[in-house]
Amino acid sequence: AQSVTQPDIHITVSEGASLELRCNYSYGATPYLFWYVQSPGQGLQLLLKYFSGDTLVQGIKGFEAEFKRSQSSFNLRKPSVHWSDAAEYFCAVGARNQGGKLIFGQGTELSVKP
Amino acid sequence: EAGVAQSPRYKIIEKRQSVAFWCNPISGHATLYWYQQILGQGPKLLIQFQNNGVVDDSQLPKDRFSAERLKGVDSTLKIQPAKLEDSAVYLCASSQRDRANEQYFGPGTRLTVT
């Protein structure tokens, strides 16, 4: 069965510091992979996605993620965090033959200190 | 382009009462999804529609939850009767028919059952 694990429930980083949020997935083949961000009281906004090709994908707001098949990981990175990046981040996996169903991780809450 | 609209944004009811949520997807999006997001967890798919037909409702508690998408546009999700464990945010998402994994989310309806 497909599953997504985000090992870190809560991370705090200083403004201007680099960020890496971890995501590991379990799936029998190469899935579609996504990172979403959710600000308080808001819906989910797609940051970036990986379908195929280059394993380093660029997203919005300066985020990037790298697909590592050997580690079943899709970690999210940002070189310099801004206070406005404080939010909940969700990693999700979609199967290539299941018409859109997404399995989400439990989320990582990011706090940014000045 | 207008996003996914949902109403109401907040709802408080007592257990055993009924409640309904409404969703209007992005214009032209054939696929519509309802997710349940319990506090501290990632969203979980409840039901997926393609136009007005159900594609996947395997995780919908059918004894109390129902959903419809008449005319293949707007959708309503109903809970009757509500239980305390139904307290959650209910998210609606939509996608184009041939891009099912690129889902756009609405702001959600926060339901509190007392």
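Numbers restart at 1 for each chain; the letters A, B, ... are given by sequence-line order, proteins then strands.
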Hey, which of A:Leu102, A:Ile103, A:Val4 has the most heavy atom pairs under 4.5 Å with chain B? A:Leu102
What do you reckon, are the aromatic ring centroids of A:Phe90 and A:Tyr36 less than 6.0 Å apart? no
Against chain A, work out which of B:Pro43, B:Ala93, B:Cys92 has the most heavy-atom pairs shorter than 4.5 Å and name it. B:Pro43
For A:Gln58 and A:Glu64, test the side chains for any donor-to-acceptor distance below 3.5 angstrom and give the result as yes or no. yes
Please work out which of the three classes, parallel, tilted or perpendicular, describes the rings of A:Tyr89 and A:Phe63, given edges at 30° and 60°. tilted
With a 4.5 angstrom heavy-atom cut-off, could you sort out which part of B:Gln37 is near chain A: side chain, backbone, both or neither? side chain
Pairs in or reaching into residues 16-25 of chain A: which pass side chain to side chain donor-acceptor pair (under 3.5 Å), with residues at least two apart or in two chains? A:Asp8-A:Arg22, A:Glu20-A:Asn75
Is A:Glu109 close to chain B through its backbone or its side chain, or both, or neither, when contacts mean heavy atoms under 4.5 Å? neither
Compute the ring centroids of A:Tyr50 and A:Phe34, then answer whether they are less than 6.0 Å apart. no
Between B:Ser58 and chain A, which part of the residue has a heavy atom less than 4.5 Å away: side chain, backbone, both or neither? side chain
Is chain A contacted by the side chain of B:Arg9, its backbone, both, or neither, given a heavy-atom distance below 4.5 Å? side chain
Residues two or more places apart in sequence or in another chain: which of them pass salt bridge (Lys or Arg N to Asp or Glu O under 4.0 Å) with B:Glu14? none
Counting heavy-atom pairs under 4.5 angstrom with chain A, the leader among B:Gly106, B:Ser95, B:Gly108 is B:Gly106
